[in-house]
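A short worksheet on the structure shown next.
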Amino acid sequence: MRHKIKFQSILPLPIRQYDFVWDDASGILSGSAIDDVKDWSMIVLSQGFIDCPEIGGLIPAFNPLKNINEFSAMIGFDNLPDSLRPFFPDINYPGFSSYSADNNSVDINFEVLY
């Protein structure tokens, strides 16, 4: 399915408009912001996780351009079209690691699923 995604971000300044289409079956991107989205994908892959402040932790990142849950987390819940919101991870997502409440560290509990 193809998802049209359009949102504004104040960072980096000046305000930036992101407008692109993502095909969840193929992972193919089209539109004016595809270089930014590919950069975000490379960053989360190099980190090995996606920060999800909406659920208070991290999820593992293996292939955000082809995994609908990872892609949704990478974009952020507030920026998602209605078609992708049901796929945003929750605290029961495999490999979810919550932020530690005491010192902003992360408790990592990864379970590799194949």
Shortest non-hydrogen contact from [X] to [Y]?
X: Tyr93; Y: Glu70; value: OH-CG, 4.0 Å
X: Trp22; Y: Leu65; value: NE1-O, 2.9 Å
X: Phe96; Y: Gly57; value: CE1-CA, 3.6 Å
X: Leu84; Y: Ile5; value: CD1-CD1, 4.0 Å
X: Ala73; Y: Phe88; value: CA-CE1, 3.6 Å
X: Ser83; Y: His3; value: OG-ND1, 2.7 Å

(message) Is there a continuous path of hydrophobic side-chain contacts, each under 4.5 Å between heavy atoms, that joins Ile75 to Tyr18?
(response)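 Yes, Ile75 and Tyr18 fall within the same hydrophobic cluster.
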(request) Tell me, with the steps shown, if Val37 and Phe71 meet side chain to side chain contact (heavy atoms under 4.5 Å, CB included). (result) CA-CA 10 Å; Val37 179; Phe71 184 84; 4.1 Å; yes
Separation between [atom1] of [X] and [atom2] of [Y], rounded to the nearest 0.5 Å:
X: Ile50; Y: Trp40; atom1: CD1; atom2: CH2; value: 12.5 Å
X: Asp78; Y: Arg85; atom1: CG; atom2: CZ; value: 6.5 Å
X: Ser9; Y: Ile15; atom1: OG; atom2: CD1; value: 9.0 Å
X: Ser72; Y: Asn79; atom1: OG; atom2: CG; value: 11.0 Å

(request) Say whether, by atom type as modelled, one donor and one acceptor occur between the side chain of Glu54 and the main chain of Phe77 under 3.5 angstrom. (result)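 Between the backbone of Phe77 and the side chain of Glu54 there is a qualifying donor-acceptor contact (under 3.5 Å).
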(request) Quick one: list whatever passes side chain to side chain contact (heavy atoms under 4.5 Å, CB included) with Leu45, sequence neighbours left out. (result)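 If we apply the side chain to side chain contact (heavy atoms under 4.5 Å, CB included) test to Leu45, skipping adjacent residues, the hits are Ser41, Pro64.
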(message) I'd like to check the side chain to side chain contact (heavy atoms under 4.5 Å, CB included) partners of Asp19; sequence neighbours left out, ordered by chain and number.
(response)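 For Asp19, the residues satisfying side chain to side chain contact (heavy atoms under 4.5 Å, CB included) (neighbours in sequence not counted) are Lys4, Lys6, Ser32.
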(message) Assess whether a salt bridge exists between Arg2 and Asp24, defined as any Lys/Arg side-chain N lying under 4.0 Å from an Asp/Glu carboxylate O.
(response)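 Judged by the 4.0 Å cut-off on N to carboxylate O distance, Arg2 and Asp24 do not form a salt bridge.
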(message) For Phe20, run the side-chain contact (heavy atoms from CB on, under 4.5 Å) check against Asp36, Asp35, Leu29 and tell me which one passes.
(response)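 By the side-chain contact (heavy atoms from CB on, under 4.5 Å) criterion, Phe20 pairs with just one of Asp36, Asp35, Leu29: Leu29.
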(message) Run the side-chain hydrogen bond (donor to acceptor under 3.5 Å, both in side chains) test against Asn63 and tell me which residues pass, sequence neighbours left out.
(response)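 So Asn63 forms no side-chain hydrogen bond (donor to acceptor under 3.5 Å, both in side chains) with any residue.
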